[in-house]
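First the structure, in the form of structure tokens, and then the observations on it.
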Amino acid sequence: MKKNYIMGVIACAALTMTSCSNDEIGGNNTKQGDPIEFGVYLGRDAQGSRGTIITTENLTKFGVSAYYLTSDTPDFMYNQAVNKSGDAWTYSPVKYWPTMKDYGITFYAYAPHTEDANGFIALPDNNQNRVPVINVSLPTGDNADLKQMVDFVTDEEYYQMKTNGNNKSDKITFTFNHKMTRIGLKANVSKDVYNTDAANRTKVVIRSIELNAGGEFYTSAKYTYTEHDILTGNSNPEFWSNQKGDVKLNLKSILNWSTDWAISGKKIISSTNQGIALVGTSAVDLFNTGQYLFLIPAPNETGLTKNSTSATITYDIITEDGNLENGYSKTSATKTVYLPEGIMQQGKAYNLTFTIAVDQVKLDATVEDWKTATNSDIDVPYTPDDATPNP
């Protein structure tokens with residue numbers, strides 16, 4: 001993927017190190033030169049170790065694996081943690097540039113580092129694959145904490161060496177790019193449902209939202225970097241593999257639950273009966289402030305195929321009515337709807353909007369780069385049946 005989504009500033013400083021020479025490095029009998037320095041240039045809204053977006057200044061650690069020339073294993077660095085200290089990026093043990101002519105090193109960087117990824121980013125032992133393979137997963141289970149999701153970003157600097165000949169080595173500067181897809185979620189009420197009569201107002205209360213197992217929704221996968229062949233000059237592009245999506249994802253841990261709400265003394269929403277109140281036709285953010293879903297992208301560059309991936313939303317339609325004993329009437333519904341075709345492309349952000357209508361719930365999506373998301377609507381059926389719509 002081309003480097004894009006530029007937002008950050010280069011944050012790097014020289015490492016003050018004592019140099020040594022004629023030592024072995026990773027089993028290669030090469031002379032050592034100056035210490036290797038790192039800098040970073042983050043893609044727009046690059047992410048650290050939580051499910052919320054952070055700024056360039058918030059990134060404090062990333063990982064690096066590095067390979068000599070045509071090595072099959074990371075024999076120069078492996079999952080090396082690089083930490084921000086003031087304006088400098090430091091690491092230990094310090095590695096030095098080989099001084100042998102044409103002895104290049106390829107560096108592969110990723111963030112967050114595995115130590116800060118809540119267990120959702122992992123590197124296989126030794127990683128004997130010519131390029132790094134990284135396991136990425138999502139929190140799963142009914143009580144999964146989706147705030148622990150990670151926004152996985154990577155970059156690589158191919159075949160680098162000391163080149164300037166001025167007793168000072170060029171630093172390695174990474175430009176991180178997003179490898180996941182980002183989703184924000186909203187909901188509103190159709191004018192067909194909402195009643196502006198203050199005495200008999202109709203409201204919708206969302207009770208649950210889930211992404212369903214199967215289709216092109218995945219909870220784990222392997223990411224493989226672009227592989228360059230120095231002998232032929234050919235490249236194998238980055239790719240995802242081993243995608244698995246056999247469990248649903250309940251979004252309750254990041255939903256923006258409304259505060260207590262009662263009609264005629266009867267609690268409609270409470271701490272034991274959670275809900276998100278949609279009052280009026282304006283869209284309401286369904287996620288907590290600054291929170292997003294960070295998901296493994298669809299297997300095709302063009303995004304989701306039509307009718308491949310679905311979500312289930314459960315909600316109540318409540319109409320205030322002083323003539324009734326409880327002070328209101330209620331209709332409950334559980335609806336399964338397909339996510340819009342073409343969304344969930346790698347490195348792109350989307351805003352999805354559920355619209356509760358008389359005969360359907362509309363889900364729409366818009367696409368953006370990482371800063372400006374695409375918007376889409378999803379129509380959700382009003383009638384209280386739980387059937388998935390026909391393709």
Side-chain angles (χ1 to χ4, degrees), residues 1-13 36-67 74 77-92 106-124 127 131-139 147-158 160 171-182 220-226 238 240 290-297 346-349 369-371:
M1 178 171 286
K2 294 181 180 179
K3 297 180 175 67
N4 47 25
Y5 317 130
I6 298 172
M7 136 179 155
V9 295
I10 296 177
C12 57
I36 293 176
E37 306 168 1
F38 289 115
V40 294
Y41 190 73
L42 285 89
R44 181 170 289 156
D45 291 339
Q47 167 70 21
S49 62
R50 300 293 174 187
T52 52
I53 294 175
I54 61 174
T55 63
T56 300
E57 291 75 16
N58 294 130
L59 185 70
T60 59
K61 184 191 294 185
F62 61 91
V64 176
S65 288
Y67 295 62
M77 291 181 177
Y78 184 67
N79 202 24
Q80 173 66 61
V82 182
N83 297 278
K84 191 173 186 180
S85 177
D87 292 329
W89 291 97
T90 65
Y91 63 96
S92 178
T106 298
F107 297 86
Y108 300 91
Y110 34 88
H113 187 269
T114 54
E115 295 174 350
D116 298 331
N118 312 310
F120 301 119
I121 292 179
L123 274 66
N127 215 346
V131 295
V133 174
I134 300 180
N135 298 317
V136 180
S137 58
L138 308 180
K147 295 186 296 296
Q148 302 301 309
M149 289 182 297
V150 293
D151 174 14
F152 176 53
V153 296
T154 73
D155 188 33
E156 62 185 76
E157 292 298 325
Y158 173 65
Q160 301 293 303
K171 61 180 173 289
I172 301 301
T173 301
F174 297 110
T175 301
F176 285 117
N177 292 298
H178 303 278
K179 301 305 176 183
M180 308 287 273
T181 185
R182 192 190 85 190
S220 66
K222 289 184 178 180
Y223 171 83
T224 300
Y225 278 85
T226 297
E238 63 179 355
W240 292 87
Q291 182 68 58
Y292 298 92
L293 284 173
F294 296 102
L295 302 179
I296 295 166
Q346 178 174 294
K348 291 187 178 180
D369 61 22
W370 205 259
K371 184 176 180 181

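A quick note: this is a predicted structure, and the numbers were derived from the prediction, not measured.
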Candidate pair F38 and F174, rule ring-ring contact (aromatic ring centres under 6.0 Å, His included), full reasoning: CA-CA 8 Å; F38 289 115; F174 297 110; 5.7 Å; yes
What closest approach, in Å, do [X] and [Y] show between heavy atoms, and which atom pair accounts for it?
X	Y	value
F176	A111	CE2-N, 4.3 Å
A109	Y225	O-OH, 2.5 Å
H178	Q346	O-CG, 4.1 Å
G119	S137	O-OG, 4.2 Å
Q148	F120	O-CD1, 3.5 Å
G39	W89	CA-CD1, 4.2 Å

Output yes when a side-chain donor or acceptor of T226 lies under 3.5 Å from a complementary backbone atom of E238, and no otherwise.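 Yes; judged by distance alone, with no hydrogens or angles, the pair exists.
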Counting N and O atoms only, with roles assigned by atom type, does the side chain of H113 sit under 3.5 Å from a partner on the main chain of N79, one being a donor and the other an acceptor?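 A pair under 3.5 Å: yes.
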Who passes salt bridge (Lys or Arg N to Asp or Glu O under 4.0 Å) against K61, sequence neighbours left out?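 By the salt bridge (Lys or Arg N to Asp or Glu O under 4.0 Å) rule, K61 matches E115, D116.
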Can you tell me how far the [atom1] atom of [X] sits from the [atom2] atom of [Y], to the nearest 0.5 Å?
X	Y	atom1	atom2	answer
I172	E156	CD1	CD	12.5 Å
F107	Q80	CZ	CD	11.0 Å
K171	I36	NZ	CD1	14.0 Å
T114	I121	OG1	CD1	8.0 Å
F152	I296	CZ	CD1	10.0 Å

Applying ring-ring contact (aromatic ring centres under 6.0 Å, His included), can you list everything that pairs with Y110, at least two apart in sequence or on another chain? none
Not counting sequence neighbours, which residues clear side-chain contact (heavy atoms from CB on, under 4.5 Å) with T181? List them please. L295, M344, Y350
Please assess W240 against K179 for the test side-chain contact (heavy atoms from CB on, under 4.5 Å), listing each intermediate value before the final yes or no. CA-CA 10 Å; W240 292 87; K179 301 305 176 183; 4.1 Å; yes
Side chain to side chain, M77 and Y91, heavy atoms closer than 4.5 Å: yes
Results of side-chain hydrogen bond (donor to acceptor under 3.5 Å, both in side chains) for T224 - residues two or more places apart only: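 Testing T224 for side-chain hydrogen bond (donor to acceptor under 3.5 Å, both in side chains), a comparison that skips the adjacent residues, returns none.
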Residues two or more places apart in sequence or in another chain: which of them pass side-chain hydrogen bond (donor to acceptor under 3.5 Å, both in side chains) with Y108?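 Y108: no side-chain hydrogen bond (donor to acceptor under 3.5 Å, both in side chains) contacts found.
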Qualifying residue, where the test is side-chain contact (heavy atoms from CB on, under 4.5 Å) with L123 and the options are V133, I134, N135: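 The single option meeting the side-chain contact (heavy atoms from CB on, under 4.5 Å) with L123 is I134.
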Partner of P112 under side-chain contact (heavy atoms from CB on, under 4.5 Å), picked from T60, V150, N118, is V150
Test log, rule side-chain contact (heavy atoms from CB on, under 4.5 Å), inputs M180 and V136: CA-CA 10 Å; M180 308 287 273; V136 180; 4.0 Å; yes
